[in-house]
Amino acid sequence: MVRLFLTFAILCGLYNEAYGKSSIDIDMKLKALNKPALKTIKSEDGDIIDCVDIYKQHAFDHPALRNHKIQMKPSVVFGTTKTTIPNNGTSKPITSQIWSKSGTCPKGTVPVRRVSREDIMRASSPSHFGRKTPRRYDFLDNALKHKGNFNITAERIRQPRPKDRSEAILIAIGYNYLGAQSDINVWNPPGVQFNDYSSSQIWLLAGLSDKFETIEAGWVVNPHVFGDSHTRLFTYWTKDSYATTGCTNLLCSGFVQTTTRFALGAAVEPVSTPSSEQYHITVSMYLDPNTLNWWLTCGDNVIGYWPGNLFTYLKHSATAVQWGGEVYSTNVRKKPHTKTTMGSGRWPSYLYGEACFHTNVRIKDYSLQIKYPPYLSEYSDEYDCYSTKLNRETYRAEPVFFFGGPGQNRFCP
Ligand SMILES: *[C@@H]1O[C@H](CO)[C@@H](O)[C@H](O)[C@H]1NC(C)=O
Ligand SMILES: *[C@@H]1O[C@H](CO)[C@@H](O)[C@H](O)[C@H]1NC(C)=O
């Protein structure tokens, strides 16, 4: 009996040796992320969606949200904007996700994409799962000093760029922003390498170069986190330049989900096809002045919010907004360059139907009016790999911001 116990103890020891503490860490992470489901929906794309009691979602495990009173709906709307659909209304809005064909979540629950052990094991450690690597946004310091009265494009070209990211973006800076919106053209960028990601998104930023806060939303292809190359709805937040806080979707506590119709990290379809049907999602993020929560909406659907007390700077307003794309890869600014594409994978000069775009770009400032930003700048970290083109067909037409590109090519070897 004693011998049997000893053998067992030694085997356990060996097991822990081989898999380290991480096996226990993974179990704990899985338990924290996959809350008990009141109903489970198996999506045709392989995702499992758990309908979780809205009061028991992972958000409320956050220390800052211990006594948080959930806000069920925004006390204000982003605003009524008269917007035009590009190309005379031929782009169609996406109004649901693939999983919702297989069922609906009951009232009082929120749909949450279930995380598998394999998902977490792909990360370098459970605490890095679903998290970006740290970076700086040097322009934020000067933006504060000069109140936006400087050439942001020149500034960003001059400043050091992160080793593992490439952005092609439109930037609004120099005001206090209480909200931002755009229609984001939805694609499935080809050739996204397994350890890379490619996103099309909106960022709201506040704070300092090495201590900034963001809230972000849009679509992403991220095989490392999701295990496949589907185009998925995503959010992100951090309050310390991606160093130790925040994550994508609900993979850490913080974001409070209120919708029963959309699951963060679940696939969206249909995606656009070249010279054929175009699809978009309308993404808005805006501050609720009565609660200081930042709401996220997708078309007519309110998705949920980032509670104001997750943040310091963003509690009041954002100081910069970016629209565009980001490629993450350890092979940017390097030869050979990553083959991960951005947007549709095609150059902005190909315009509507070929290149990916943001349009109906809007901000909300202290005037509480919804506006096309009065000052906008275009910027790309690597113009030969991913580029930008803010296009206006006529003086009165709605501007369309095209961005993206193939990554590795003859000019970006
Ligand atoms: C949109 O419609 C107007 C009027 O019908 C037409 O002149 C214009 O060429 C169209 N634009 C595009 C991009 O199809
Ligand atoms: C800002 O700087 C960029 C890069 O040097 C330049 O191409 C652009 O014309 C400048 N814009 C303004 C408004 O000065």
Side-chain angles (χ1 to χ4, degrees), residues 135-177 180 182 199-210 212 214 317-327 332-335 337 342-343 346-352 355-365 367 369 371-413:
R135 66 160 297 166
R136 298 169 58 92
Y137 274 112
D138 285 88
F139 74 90
L140 287 172
D141 295 348
N142 275 339
L144 218 59
K145 236 189 281 166
H146 303 291
K147 275 276 166 220
N149 190 17
F150 66 103
N151 185 336
I152 175 78
T153 308
E155 181 90 353
R156 288 200 63 165
I157 288 170
R158 199 173 56 71
Q159 287 172 348
R161 284 160 238 190
K163 288 191 294 289
D164 57 8
R165 313 270 233 289
S166 204
E167 287 180 352
I169 50 172
L170 193 63
I171 313 173
I173 191 163
Y175 290 84
N176 291 99
Y177 303 97
S182 69
S199 71
S200 177
Q201 60 170 105
I202 308 173
W203 291 255
L204 285 131
L205 295 142
L208 303 169
S209 57
D210 58 351
F212 62 81
T214 73
S317 66
T319 50
V321 186
Q322 300 188 158
W323 295 262
E326 177 177 74
V327 163
V332 296
R333 267 181 293 291
K334 232 187 217 170
K335 287 180 201 170
H337 192 277
M342 184 194 289
R346 290 173 173 79
W347 294 112
S349 54
Y350 286 99
L351 301 178
Y352 187 88
C356 187
F357 61 81
H358 283 246
T359 191
N360 291 309
V361 166
R362 296 288 183 275
I363 51 121
K364 184 167 165 178
D365 59 18
S367 74
Q369 299 292 308
K371 318 178 165 154
Y372 180 73
Y375 301 105
L376 280 170
S377 305
E378 294 173 67
Y379 169 78
S380 171
D381 279 312
E382 302 175 291
Y383 268 102
D384 293 331
C385 316
Y386 313 107
S387 98
T388 69
K389 184 182 174 72
L390 182 59
N391 192 59
R392 209 160 200 173
E393 298 250 310
T394 63
Y395 175 69
R396 301 187 55 168
E398 177 68 36
V400 183
F401 175 64
F402 294 97
F403 69 97
Q408 192 185 106
N409 70 84
R410 166 156 88 86
F411 306 103
C412 170

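When reading the values below, keep in mind they use all heavy atoms of this one structure, side chains included, and skip hydrogens, waters and symmetry mates. Computed from a predicted model, the values in this text were never measured in an experiment. Whatever order the structure lists them in is the order used to number ligands and atoms, beginning at 1.
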Checklist entry - Aromatic rings Phe139 and Tyr137: how do their planes relate, parallel, tilted or perpendicular, breaks at 30° and 60°? => result perpendicular
Checklist entry - What class does the angle between the rings of Phe403 and His358 fall in, given that below 30° is parallel, 30 to 60° is tilted and above 60° is perpendicular? => result tilted
Checklist entry - Would atom 2 (O) of ligand 2 count as contacted, meaning some protein heavy atom under 4.0 Å? => result yes
Next on the checklist: Any protein heavy-atom neighbour for atom 14 (O) of ligand 2 (distance below 4.0 angstrom)?
Outcome noted: yes
Next on the checklist: For a side chain to side chain donor-acceptor pair (under 3.5 Å) check, start with the C-alpha distance between Tyr379 and Asp381, then their side-chain angles and the critical distance, and finish with the verdict.
Outcome noted: CA-CA 7 Å; Tyr379 169 78; Asp381 279 312; 2.5 Å; yes
For [atom], what's the nearest protein heavy-atom neighbour? Residue, atom name and distance, please.
| atom | value |
| --- | --- |
| atom 11 (N) of ligand 2 | Asn151 ND2, 2.8 Å |
| atom 4 (C) of ligand 2 | Ile157 CD1, 4.0 Å |
| atom 5 (O) of ligand 2 | Ala154 CB, 4.0 Å |

Checklist entry - Do Asp384 and Tyr386 have a side chain donor and acceptor closer than 3.5 Å? => result no
Item to check | Cation-pi check, Arg158 onto Phe150 ring (under 6.0 Å, within 45° of axis) | outcome: no
